[in-house]
Structure formats: C-alpha cells, structure tokens
Amino acid sequence: MASPLYAARRRRNIIAMGLSLGATALGLGWLVLILSALLWEGFSGLSLNVFTELTRPPGSNGGLLNPIVGSLILTVLAVAIGTPIGILAGTYMAEYGRYDRLTSVVRFINDILLSAPSIVVGLFIYEVMVRPMGYFSGLAGGVALAVIVMPVVVRTTEDMLILVPNQLREAAAALGMPRSYIIARVCYRAAKAGMITGVLLAIARISGETAPLLFTAFGNSQWSIDLTDPMASLPHVIFTYALSPYKDWQQLAWTGALIITFAVLALSISARALAARK
Amino acid sequence: MEPARRQPVVDVALPGDAAAVDAQVSRARALAGLRFWDNVYRWLTRGAAVGVLVILGGVMVSLLIGALPALQEFGVSFVTEQRWNPVTEKFGALAPIYGTVVTSFIAMLIAVPVGLMIAMFLTELCPKWLRRPIGIAIELLAGIPSIIYGIWGLFVFAPFLQDTLQPALIATLGNVPLIGALFEGPPYGIGMLTAGLVLAIMVLPFITSISRDVFEAVPPVLKEAAYGIGCTTWEVVRYVVLPYARVGVIGGVMLGLGRALGETMAVTFVIGNAHRIATSLIAPGTTISATIANEFTEAVGDLYTSSLIALGLILFVITFIVLAVARYMLLRIERRIG
C-alpha cells in the first residue's frame with residue numbers, strides 16, 4: 001500500500017504540474033488576447049484611405065500616409081547608419097581581437113546597450129544633436145534608432161562569425177589571401193544568413209520604438225520627407241492619437257498598431273525562418 | 001604558327017634576370033598594397049569596436065552634463081523630495097523613483113514564478129513536438145512593441161480591471177487591516193497595479209526563454225540520477241534543476257528587471273501620470289520613464305528640462321547596475337556549461 005508520505009509527494013507533484021500547465025496557458029492566453037483585440041479593433045478601421053491619405057484634424061477622414069512613409073525613412077536611415085558600424089565592430093571582436101581585453105569589454109558594454117532603456121537613448125541624442133542644432137529633425141530620429149540597431153547587429157555578427165569554422169580561414173590563408181580578403185570573401189559569405197537575420201531582428205526591434213523618437217524626430221502632421229524637419233512616424237502617431245479624446249483618431253491608432261504588429265511579426269518570423277534554414 | 005613567334009618582344013630582348021627583377025618589384029608593390037588595405041580594414045573594425053564604448057560613454061557624459069544644473073540646484077534633495085512643481089521650479093524625483101520601483105516589483109512578483117513554471121513545463125512536461133511552437137509563441141510576446149501593450153492596456157485591460165479585479169480587491173483585501181491600505185480608493189482602471197500587470201506580461205517572455213535555456217543545459221545525468229532514486233518531476237526540478245541553474249535564472253530575472261525598470265511607452269499609457277506617492281496600489285502614479293515621455297517636449301525653462309534629464313540619468317545608472325549584474329551572472333553560468 002502507498003504510504004502517506006508517498007501520497008503527499010504525489011499530490012505535491014500533481015499540484016506543481018497543474019500550476020505549470022496553468023502558467024503556460026496563461027502566457028499563451030495573453031498572446032491570444034492581445035492579438036485578437038488588435039485584430040478586432042484594427043481591422044474595423046482598415047481601408048485604402050489609411051494608406052493614401054495624410055493625417056488630418058479629427059473628424060475629416062484622414063489617413064496614415066505620412067507617418068508610414070516617415071517610419072520607413074527613419075528605419076532605412078537607422079539601418080544605413082547602424083548596420084555598417086555594427087558589422088565592423090562585430091568583425092573586430094570575432095576576427096581580429098577574439099581574445100583581446102578590448103573585445104571582452106566591448107562585449108559586456110554592448111550587451112548592456114542591448115537592453116538599455118530606449119528613452120535614455122532619446123535623451124542622449126537630444127543632448128548631442130537636437131539641442132546643438134536647435135530643432136527636432138528626422139535625422140536625429142534616424143540616429144537615435146541607429147544607436148538601438150547597432151548593438152543587435154554587433155551581437156549577431158560576432159556570434160555568427162565565431163561559428164565560421166577555422167579551417168575555412170586556414171584554407172584561404174594557405175592560398176595566400178590577406179586577412180581582410182579572407183574576412184570579406186570567405187567569412188562574411190559563410191555567415192551571411194545569420195548576419196541578415198540580425199539586421200532583420202534589429203529592424204523588427206526599431207519599427208515599434210516610440211520612446212527614442214519623442215524628442216528627436218518628434219512628429220509632423222504635414223507631409224515632409226526633409227530630414228532636417230521634424231518627421232512623422234507611426235509609433236509616435238499611435239501615441240498621440242491613442243491619448244486623444246477623438247474616436248476617429250483612436251481608431252487610426254488601433255489601425256496603425258495593427259500595421260506595426262504585422263510588420264514586426266512578419267520580420268521576426270522571416271528572421272527565424274532564415275536562421276532555421278542554415 | 002610556332003609558339004616562339006608569339007612571345008612578347010620584351011621577354012626575348014631582355015636578359016632573364018631583368019624580367020625576374022621586374023616581376024619581383026611588381027609583386028612587392030602588390031603585396032604592399034594588400035598589406036595597406038589589410039591594415040586599413042583592421043583599424044576600421046577596431047575603431048568601430050571602440051565606437052561602441054564611446055557611445056556608452058557619450059550617453060553617460062551627455063546625461064551628466066544635461067543633469068548638472070538640476071543636481072547643483074537641488075543636490076541630494078532631488079532624490080529625497082516628493083514635490084514636482086514646474087511653476088515654482090521645485091523638483092524632486094522621489095515619486096517617479098517610487099513608482100518605478102513599485103511597478104517593477106509587482107511585475108517581477110508575477111512574472112518570475114509564472115516564467116519559471118512555463119520553463120518547467122517546456123523542459124519537463126511538454127511533449128517534444130509541442131515544445132518549439134509554444135516556445136516560439138512565448139517569444140513572439142517578446143517581439144510585440146511596447147506601444148502595442150500600451151494601447152491594449154489603455155483601451156482593453158484597464159477598463160476590464162476597473163470593472164472586475166479592482167472592485168473585488170477593494171471589497172476583499174481593502175478591508176483587511178494593514179494591507180488594506182494598499183487597496184484603498186476608487187477603481188480608476190489605470191494606476192500602478194495596472195502598470196505592474198502590463199509590465200509582468202512584457203517581461204514574462206524574457207524570464208521564460210532564459211530560464212528554459214538554462215534548464216535545458218542541466219546535464220541529463222543529474223536528472224536521470226534523481227529520477228532513478230524515485231524523485232517526482234517536481235522534486236527533480238525543485239532540488240536538482242533549480243539549484244544547478246540558480247545563477248542563470250537570477251541572471252534572467254535581472255535582465256527582465258532591467259527591462260521593467262526602463263520600459264516607457266506601455267507604462268506611460270496606463271500609469272495615470274500623477275506626481276505623488278500613494279500608499280494604494282490602485283491609485284495613479286508615475287515612473288521615471290513615463291515622466292520623461294510625458295513632460296519632456298512640454299518642459300519650459302532650463303531647470304525643468306535639466307531635472308527631467310537628471311531623472312534619465314538616475315534611470316540609466318539603476319538599469320546599468322541591474323543589467324551589469326545580470327550579465328555577470330549569465331557569464332558565470334555560460335562558463336560552467338562551457
């Protein structure tokens with residue numbers, strides 16, 4: 001017969017397992033709740049208007065064209081600035097100074113930058129760009145986002161280059177290739193999929209970032225693609241519209257949120273697929 | 001045609017030596033060129049790596065310079081005073097600091113046990129074919145931008161809490177002596193409890209995925225030995241897996257805490273932005289990041305702006321310490337796993 005101790009242990013086990021099942025259901029439940037609310041509210045406002053009309057005062061049937069274009073410009077700018085620096089730094093850490101003091105320090109700092117509060121990045125760019133220049137600008141917004149892109153790219157570049165087998169480097173060196181050529185022609189090529197994954201993840205990360213744009217790119221209700229002007233962006237418009245008292249603006253905020261979420265999910269899923277193919 | 005005829009004139013006219021010297025010279029020149037570009041590339045990458053450090057230093061220095069006027073004006077009282085009055089230009093950061101700490105604490109109180117439970121489910125209980133999809137779904141939660149949590153929290157979650165959880169808490173726990181003070185006041189929907197709950201949902205994926213990774217890294221031999229002497233699954237997790245993975249789990253928790261402390265948009269939507277320290281958890285409050293996000297562009301006067309930057313500096317220093325500890329812990333477990 002089962003002893004009372006054994007029965008108690010069994011019972012405790014069943015309770016713990018039940019709790020873990022419940023916790024998982026809770027976690028997945030939130031995802032379903034958030035996505036369904038987003039789909040429900042977002043789709044009811046989705047129309048062609050959203051993509052073809054500029055933002056307008058409440059009650060006049062505006063769209064989200066300038067924030068969408070603004071977000072695209074800011075993202076391209078951020079990737080154009082952040083990716084090369086990130087790849088170069090990651091290259092140094094994996095190829096030239098893998099066992100350097102400098103590398104371990106940079107790796108530590110980079111990991112901290114990776115999860116540093118993004119609003120602090122906004123303050124930083126405000127201090128070094130917006131205040132000296134005297135006005136909010138799309139350029140400052142792009143640089144702020146680049147500061148967020150960079151650590152992601154550094155991390156993935158380093159990780160992927162470390163995975164490249166040394167035999168490849170040795171074979172290329174035996175043919176008489178100089179180091180920079182080995183890196184550019186052999187290592188980058190071998191690590192390409194992983195590095196692209198990193199860039200995609202970085203784009204997914206910044207496409208929803210709002211905090212660093214609040215006081216850099218600021219926002220603009222007019223059509224503007226001038227980088228020295230304040231620039232509209234989707235997250236910023238969602239922020240202002242959602243907190244406004246107007247029903248149609250709130251509706252646009254939901255629709256904008258839906259667009260961003262889809263973009264982010266598509267990016268992270270394709271990044272995952274790309275990483276899995278390797 | 002004979003091959004000899006097609007030979008270049010130079011080769012025929014010059015003695016063999018000269019041609020060899022010439023080849024050597026051009027070879028040396030080409031090598032020098034390659035070496036030059038090699039060095040350029042090396043220094044370029046090194047410069048970029050140093051650039052990462054410079055950026056972090058730049059954040060620190062620029063925030064310090066920006067915060068200096070406020071810190072000089074108020075000194076220590078900046079972090080000990082509660083008043084926040086833009087009209088009289090008297091600023092104290094205690095209320096935002098308190099809000100940041102309380103909301104993060106609520107978030108961790110919920111997210112840590114739930115996250116660990118999910119990690120246990122994924123590593124010990126879940127059928128193999130279901131592991132990846134559930135893992136990916138939880139990680140998708142991490143990918144959703146914070147502004148989405150914000151808009152969802154404001155329009156869906158807060159009204160829901162206002163109608164259900166908050167009245168229930170006020171009616172039950174609100175009457176209990178001592179802790180009753182934590183659940184006093186009218187149900188606004190928005191407030192510190194709501195912010196804490198939204199934060200909990202946001203940091204859950206971080207804690208889950210790191211705990212799962214360190215749980216999976218526990219050597220199977222240890223677990224099998226425990227199962228072999230008749231331990232239940234719960235006992236294996238509690239007495240074998242958790243102690244082994246402790247350092248890594250703490251690292252993951254600290255990483256989540258770092259996120260919760262610095263999270264801006266989701267909190268800004270649901271915290272209510274009230275500069276006061278309320279004992280009640282369901283009362284509106286504010287956090288460091290929410291204060292900056294709400295007030296920075298409207299701040300007039302250098303002292304106001306500088307005070308907000310000083311808030312940013314405090315936030316940065318706190319998160320820097322938390323994240324540094326997290327990285328140190330994770331580094332330790334990585335070394336042990338090898």
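Every chain is numbered from 1 and lettered A, B, ... according to where its sequence line falls, protein lines coming before strand lines.
Closest non-hydrogen pair, L28(A) versus A137(B), comes out as CD2-CB, 3.6 Å. Across all non-hydrogen atoms, the minimal contact from I85(A) to A48(B) is O-CB, 3.6 Å. The nearest pair of heavy atoms linking L125(B) to S20(A) is CD2-OG, 3.6 Å. Counting all heavy atoms, side chain and backbone alike, T297(B) lies closest to L214(A) at CG2-O, 3.6 Å. The nearest pair of heavy atoms linking M117(B) to A23(A) is CB-CB, 3.5 Å. Between I112(A) and F320(B), the closest heavy-atom pair is CG2-CD1, 3.7 Å.
At a threshold of 4.5 Å between non-hydrogen side-chain atoms, the residues L26(A) and I118(B) do not count as touching. Between I134(B) and T24(A), the closest side-chain pair of non-hydrogen atoms falls below 4.5 Å. Inter-residue side-chain proximity for Y181(A) and L34(B) is flagged as met; some heavy-atom pair is nearer than 4.5 Å. For the pair I144(B) and V264(A), the minimum side-chain heavy-atom distance is 4.5 Å or more. Side-chain contact between I260(A) and P145(B) is present, with at least one heavy-atom pair separated by less than 4.5 Å. At a threshold of 4.5 Å between non-hydrogen side-chain atoms, the residues V156(B) and I34(A) do not count as touching. Looking at heavy atoms from C-beta onward, I119(A) lies out of side-chain contact with I288(B) at the 4.5 angstrom threshold. Annotation: side chain of L243(A) is in contact with side chain of L154(B) (closest heavy-atom distance under 4.5 Å).
In terms of the ring-ring contact (aromatic ring centres under 6.0 Å, His included) criterion, F206(B) has no residue partners (sequence neighbours excluded).
Rounding to the nearest 0.5 Å gives a distance of 10.5 Å between CE of M17(A) and CZ of F121(B). Put simply, CG on L102(A) and CZ on R46(B) are 5.5 Å apart, with the number rounded to the nearest 0.5 Å. Rounding to the nearest 0.5 Å places CD1 of I183(A) at 7.0 Å from OG1 of T45(B). The structure places CD1 of I147(B) at 11.5 Å from OG of S207(A), a figure rounded to the nearest 0.5 Å. F124(A) CZ to L63(B) CG: the interatomic distance, rounded to the nearest 0.5 Å, is 8.5 Å.
More than 12 heavy atoms of other residues, nucleotides or ligands shown are found within 6.0 angstrom of OH on Y188(A).
Ring pair W254(A)/F155(B) is tilted by interplanar angle, where 30° to 60° counts as tilted. Ring geometry for F215(A) against F296(B) counts as tilted: the plane angle lies between 30° and 60°, on a 0 to 90° scale.
Remark: the backbone N or O of P178(A) is not paired with any side-chain donor or acceptor of D38(B) at under 3.5 angstrom. A donor-acceptor distance shorter than 3.5 angstrom exists from the side chain of N13(A) to the backbone of W234(B), with no hydrogens or angles considered.
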Exercise for the section: Begin with the C-alpha distance, continue with both residues' side-chain angles, and end with the deciding distance and a verdict on side-chain contact (heavy atoms from CB on, under 4.5 Å) for W30(A) and F157(B). Expected result: CA-CA 11 Å; W30(A) 286 122; F157(B) 196 47; 3.6 Å; yes

Practice task
Using the side-chain contact (heavy atoms from CB on, under 4.5 Å) rule, take W43(B) and Y92(A) through it: C-alpha gap first, then chi angles, then the decisive distance, then the call.
Solution key: CA-CA 9 Å; W43(B) 285 103; Y92(A) 179 81; over 6 Å; no

Handout entry: Stepwise ring-ring contact (aromatic ring centres under 6.0 Å, His included) check, F108(A) with Y328(B)
Key = CA-CA 9 Å; F108(A) 191 76; Y328(B) 174 71; 8.4 Å; no

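Only the side chain of T264(B) comes within less than 4.5 Å of a heavy atom of chain A; its backbone N, CA, C and O stay farther away. Within the 4.5 angstrom heavy-atom criterion, atoms from both the backbone and the side chain of I55(B) approach chain A. Contacts of I201(B) with chain A are made by side-chain atoms alone, with heavy-atom separations under 4.5 Å and no backbone atom involved. Using a 4.5 Å cut-off between heavy atoms, V52(B) touches chain A through backbone and side chain atoms alike.
A donor-acceptor pair shorter than 3.5 Å cannot be found between the side chains of Y96(A) and R42(B).
The greatest number of non-hydrogen atom pairs below 4.5 Å with chain A, out of L122(B), V40(B), L141(B), T319(B), is found for L141(B).
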